[in-house]
Amino acid sequence: MSVERRLFFALSLPAKLQKQVIKWRAEHFPQDTGRPVTAANLHITLAFLGEISELKAGALTRIAGRIQAQKFSLCLDDIGHWPGSGVVWIGTKRAPNALLQLASVLRSHAARNGCHQSTLPFHPHVSLYRSATRPVAIPPATPDWQLEAEDFSLYESTYERGRTRYRCLQSWPLAD
Ligand code: 3AM
């Protein structure tokens, strides 16, 4: 039987921005808000692939390598809470077209390769807390962080000893 891995395409956050976000989160949310996402796991999901075979992962990896997409800059200037999924997030009020196009291309390739895609509209975000099911006092604003997206990556999600870990398997540069 072929081994399946839980994979997704995402944008990473530079280490400096990860630290800034973690510091700001600690200063603006009470400790019992939910399960905080660790600094290394902060990301923006572009397309969730689910548990897929090596064969399918290989096909999607080759497709990702042929995608022609532009660099873009993203302003993280929005915050919200989705009580249903228990996620507190930061996002953007104005998603750049290049980001929307990249996510759309990855999602349609994923769907064509049998990876079920959510019917909810794509809402780019960085999850800060999970399991935040109680009401959360949302700070009035973020510090308006800028994310310069220069590549996108394929990640594997594993769950070991009670911890979720995201491992970057491969990255592809975005064009100037
Ligand atoms: O951190 P975010 O919310 O961007 O929520 C999961 C996480 O995204 C999402 O995939 C990312 C990496 O785990 N995810 C998990 N299960 C999912 C599913 N069944 C899912 N997204 C869509 N459908």
Side-chain angles (χ1 to χ4, degrees), residues 3-15 17-22 24-26 29 33-53 56-57 60-61 63-64 69 72 74-96 98-134 136 138 142 145 147 149 151-172:
V3 177
E4 300 210 323
R5 296 199 286 172
R6 188 177 177 86
L7 304 180
F8 63 98
F9 287 108
L11 298 175
S12 61
L13 264 60
L17 183 54
Q18 289 176 348
K19 285 199 190 106
Q20 289 172 328
V21 171
I22 294 294
W24 174 85
R25 179 178 68 185
F29 292 92
T33 299
R35 199 155 39 84
V37 176
T38 57
N41 279 359
L42 296 174
H43 66 274
I44 296 178
T45 302
L46 296 167
F48 179 72
L49 305 178
E51 311 264 343
I52 62 169
S53 66
K56 212 179 263 190
L60 283 161
T61 302
I63 288 168
F72 54 87
L74 179 69
C75 184
L76 293 169
D77 57 358
D78 201 12
I79 324 170
H81 176 213
W82 294 324
S85 54
V87 170
V88 175
W89 52 268
I90 52 173
T92 181
K93 291 179 178 147
R94 290 151 289 132
L99 164 60
L100 300 178
Q101 277 166 18
L102 176 60
S104 166
V105 167
L106 287 169
R107 283 168 177 242
S108 59
H109 283 302
R112 261 181 259 145
N113 280 272
C115 304
H116 172 77
Q117 296 300 293
S118 164
T119 50
L120 293 173
F122 174 60
H123 187 288
H125 65 277
V126 181
S127 295
L128 298 184
Y129 288 100
R130 301 195 188 281
S131 310
T133 46
R134 285 182 292 162
V136 175
I138 295 296
T142 72
W145 292 295
L147 170 63
D151 56 22
F152 69 99
S153 306
L154 179 66
Y155 285 87
E156 177 177 13
S157 168
T158 55
Y159 190 73
E160 293 154 27
R161 286 182 238 120
R163 288 190 179 193
T164 299
R165 192 165 159 249
Y166 299 144
R167 190 162 64 95
C168 180
L169 301 178
Q170 197 166 338
S171 297
W172 295 270

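Each ligand, and each atom within it, is numbered from 1 in the order the structure gives. Residue numbers count from 1 along this sequence. Predicted, not measured: the structure shown is a model, and the values here were computed from it.
- Ring-plane geometry between Trp24 and Phe29 is classed as perpendicular, the angle between the planes exceeding 60 degrees on a 0 to 90 degree scale with a lower cut at 30.
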Stepwise side-chain contact (heavy atoms from CB on, under 4.5 Å) check, Arg25 with Ile90
CA-CA 10 Å; Arg25 179 178 68 185; Ile90 52 173; over 6 Å; no
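- Counting heavy atoms closer than 4.0 Å to ligand 1, residue His116 contributes nothing at all.
- No side-chain heavy atom of Leu17 sits under 4.5 Å from any side-chain heavy atom of Leu42.
- Contacts between His123 and ligand 1 below 4.0 angstrom, taking non-hydrogen atoms only, are absent altogether.
- Taking distance alone, with nitrogen or oxygen atoms compared against 3.5 Å, Ser157 stays at or beyond that limit from ligand 1.
- Regarding atom 5 (O) of ligand 1, its nearest protein heavy-atom neighbour is Arg130 NH1, 3.8 Å.
- Within ligand 1, counting atoms from 1 as listed, the ones closer than 4.0 Å to a heavy atom of His43 are 1 (O), 2 (P), 4 (O), 8 (O).
- Residue Gln117 places every heavy atom at 4.0 Å or more from ligand 1.
- Using a 4.5 Å heavy-atom threshold, the side chains of Thr158 and Arg167 count as separate.
- Interface atoms of ligand 1 facing Arg6, defined by a heavy-atom separation under 4.0 Å, are 15 (C), 16 (N).
- Given atom 8 (O) of ligand 1, the protein heavy atom at minimum distance is Thr45 OG1, 3.0 Å.
- Going from atom OG of Ser53 over to atom CZ of Arg5 covers 10.5 Å, rounded to the nearest 0.5 Å.
- Ring pair Phe8/His43 is tilted by interplanar angle, where 30° to 60° counts as tilted.
- Considering only non-hydrogen protein atoms, atom 9 (C) of ligand 1 sits nearest to Phe48 CD1, 3.9 Å.
- The protein heavy atom nearest to atom 13 (O) of ligand 1 is Tyr166 OH, 3.5 Å.
- Between Leu128 atom CG and Thr33 atom OG1 the span is 10.0 Å, to the nearest 0.5 Å.
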